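Read through the structure below, which is laid out as structure tokens, and then see the notes.
Given the structure is predicted, the values throughout are model-derived calculations rather than measurements.
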Amino acid sequence: AETTRRVLEVAESMGYVRDIRAAELASTAPTTVGLLIRGAERSFYGDVAAKVQAETDLREIDLLVVSGSDDHASQVRALNNLLGHGVAGIMV
């Protein structure tokens with residue numbers, strides 16, 4: 001426990017940022033979920049994203065948020081973005 005604490009302390013002092021893609025490859029279970037929202041400029045969707053982020057943070061799950069506008073093609077592109085990242089699940 002002491003070694004782990006010290007390693008994390010040194011990593012933080014050096015500005016280390018965890019590579020989520022590498023962590024996903026090393027893990028037996030994906031730890032990233034996706035959230036597809038419409039119209040990120042609308043406060044309602046910002047509130048939804050903030051609440052989802054709070055819940056995923058509590059569970060130590062990474063959240064990838066993408067925004068698609070009201071048109072179908074934009075939403076499909078956003079969905080494909082999430083699928084391309086290999087997320088464990090997608091919330092729409």
Between T4 and L8, does the side-chain contact (heavy atoms from CB on, under 4.5 Å) criterion hold? Intermediate values first, please. CA-CA 6 Å; T4 299; L8 293 173; 4.0 Å; yes
Is it true that atom CD of E9 has more than 12 heavy atoms of other residues, nucleotides or ligands lying nearer than 6.0 Å? yes
Do E55 and R59 meet the salt-bridge criterion of a basic N to acidic O distance under 4.0 Å? yes
Could you state the interatomic distance from CZ (R38) to CG (D71), rounded to the nearest 0.5 Å? 10.5 Å
Could you list the residues that satisfy side-chain hydrogen bond (donor to acceptor under 3.5 Å, both in side chains) with D57, not counting sequence neighbours? Q53
Is there a chain of hydrophobic side chains (I, L, V, M, F, W, Y, each step under 4.5 Å between heavy atoms) that links V66 to V92? yes
Cluster companions of V48 among Ile, Leu, Val, Met, Phe, Trp, Tyr (side-chain spacing under 4.5 Å): V33, L35, I37, F44, Y45, V52, I61, L63, V65, M91
Would you compute the distance between atom OG of S67 and atom CZ of R77 and round it to the nearest 0.5 angstrom? 11.0 Å
Sidechain N-carboxylate O distance under 4.0 Å for D47, R42: no
In the hydrophobic clustering (ILVMFWY, side-chain contacts below 4.5 Å, transitive), which residues join M14, or is it alone? V10
With T32, the side-chain contact (heavy atoms from CB on, under 4.5 Å) member among T56, L82, L64: L64
Can you tell me how far CG of L79 sits from CG of L36, rounded to the nearest 0.5 angstrom? 6.5 Å
Is the side chain of S74 donor-acceptor paired with the backbone N or O of G68 at a distance under 3.5 Å, no angle test? no
When rounded to the nearest 0.5 Å, the distance separating CD1 of I90 from NE2 of H85 is 11.5 Å
